[in-house]
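Order of appearance sets the numbers: ligands from 1, and atoms from 1 within every ligand. Owing to the predicted nature of the structure, the values given are computational and were not obtained by experimental measurement.
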Amino acid sequence: MTVKQECSRLNWINLDALEAVDQADDLIAGLKQTPKTLPCRYLYDDRGSALFEKICDLPEYYPTRTEQAILEQNASAIAQMTGSCELIELGSGSSRKTHLLLEAYSQTDQSLSYCPVDVSTGLLRTTALQLLHHYPTLQVCGLAGTYEQALAQLPPATRRRMLIFLGSTLGNLNPQDCDRFLTQVQSALQPGDFFLVGVDLQKDVDLIETAYNDAQGVTAAFNLNALKHLNQQFEGNFRLNQFAHWAFYNPVDHQIEMHLFNLRPQFIFLRTLNFAIELQIGETIRTEISRKFYLPTLISTLERHDLRSLQVWTDPNRWFALLLCQRQA
Ligand code: AVJ
C-alpha cells in the first residue's frame, strides 16, 4: 500500500526534475573547480539527515536550541501577525521546530495545511505520517525535491501563504546563490504573503568553530557521509578513511567552511557518471559553507527582493535571529 492510500489528508509529490538533478551537472562542475566543492544537498541522504538530527542535540551546536527557544517564545505572536495561512517549509527535515508553529496555528486555524519540502525522502515520509497522526485535521502535502524545484513548481496558492526557512539554511548559499534563491522566494509569494527565516548571527569565533568541531565527532561523520552517499549513488570509490574533517571560520566571508581534507593521493572514479578526478595529498573538497549574518545587511538584502521585515526576534545573547518578512506589492 502506498502512503497516499493510507490517509486522505496526505498528498505526495515527487518533484519530477529530481532525476535531472541526479544527472549531477553541478556535482561534476564543483569537482572540477579549484578548490573542489560539493553541492551541499549530498550531505542529506537519509543517513546524513539522521546525523544532522544528532548534531542538533550536541552541546556544542547552539543554533538549533537557540532558534527553538525563540520559536517557543514567539510562535503564537507569529500566528497572530500572519493570521490563517498555508505553511510551506523548505528543508523541513524532522519538522521538530515546526511543531511549535503548527501548535500555534492549530489554535485558530481549522483548515491548517502544511507542505514540507525535503530531498531526504525517507525522513519526509516518516515526518509527514507523524504529523498527520498528531494533528487530526491537518492537511499535509509532502514535496520530495530540492528548494529550487519546489519553489518553481509549487501548487497554485489558494490563500495566504507563508514560506518557512529555518535553521540558518540560508547561510549555506553564497551571496550570489542567495540572491537567486530570494528571487525565487519572491516569485513564489503574492504581495501580502509571508517569509519566515531563521539565521545564525556573527559572534565570537571560538563559539562558532566549536559548534562545527564537536567532541564526539558527529559533525565529522556527517561531513564524511557525503562521500559515502556519492559512492552509493554513483558507484564511486572515495576511501572515507583517507579523509579528515576540517571546519574553520573564514572571517573575510563571515562563514564556516566545512571541508574534507585528503590525506593520501587518490584516484577517484564515479562509475555511473563516467567521471574521474585525481586528488592530491592535502587537497580539500569543500562540502558546505555556513554564513553568519549581520542583521542590517540581511534586512536590506531581503528588502531588495521586496521582502520587508515586519519583526525580528532574537535570543538574549543575540546569537540567532528569526525574521518575519512580508512580500511587498
Ligand atoms: C542546517 C545547514 C544550517 O550550516 O549549521 C551543521 C548544517 N553543518 N553542522 C549549518 C551543519 C555542520 C547546518 N545547516
Under a 4.0 Å threshold between the charged nitrogen and the carboxylate oxygen, would R291 count as salt-bridged to D200?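 Salt bridge between D200 and R291, a charged N being under 4.0 Å from a carboxylate O: no.
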Run the numbers for me: atoms of ligand 1, each under 4.0 Å from some heavy atom of S290, listed by number.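 Reading through ligand 1 atom by atom, the close ones are 4 (O), 5 (O), 10 (C).
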Short list, please: which atoms of ligand 1 are under 4.0 Å from a heavy atom of S168?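 In order of numbering, the contacting atoms are 3 (C).
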For atom 10 (C) of ligand 1, the option (of F52, Y44, Y61) bearing the nearest heavy atom: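 That would be Y61.
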Out of T64, L58, N172, who is nearest to atom 14 (N) of ligand 1 when you count heavy atoms only?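 That would be N172.
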Could you state the interatomic distance from CG (L43) to OG (S120), rounded to the nearest 0.5 Å?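 Here the interatomic distance stands at 11.5 Å.
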Parallel, tilted or perpendicular: which describes the rings of Y212 and Y61, with under 30° parallel and over 60° perpendicular?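 Aromatic pair Y212/Y61 classed perpendicular.
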Less than 3.5 Å between some nitrogen or oxygen of Y212 and one of ligand 1, yes or no?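 Between Y212 and ligand 1, an N or O pair is found under 3.5 Å apart.
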Please indicate whether any nitrogen or oxygen in E288 is less than 3.5 Å from any nitrogen or oxygen in ligand 1.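 Yes, at least one N or O pair falls under 3.5 Å.
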Please check if the side chain of N223 supplies one atom and the backbone of H245 the other of a donor-acceptor pair under 3.5 Å.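 Answer holds: no.
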Distance-only, no hydrogens or angles: does the H259 side chain make a donor-acceptor pair with backbone N or O of E283 under 3.5 Å?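 Looks like no, no N/O pair under 3.5 Å.
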Contact with ligand 1 for G167, non-hydrogen, under 4.0 angstrom: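 In this structure, G167 qualifies as a contact of ligand 1 - some heavy atom is under 4.0 Å.
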Could you go through the side chain to side chain donor-acceptor pair (under 3.5 Å) check for N231 and E235 one step at a time? CA-CA 5 Å; N231 283 348; E235 295 184 33; over 6 Å; no
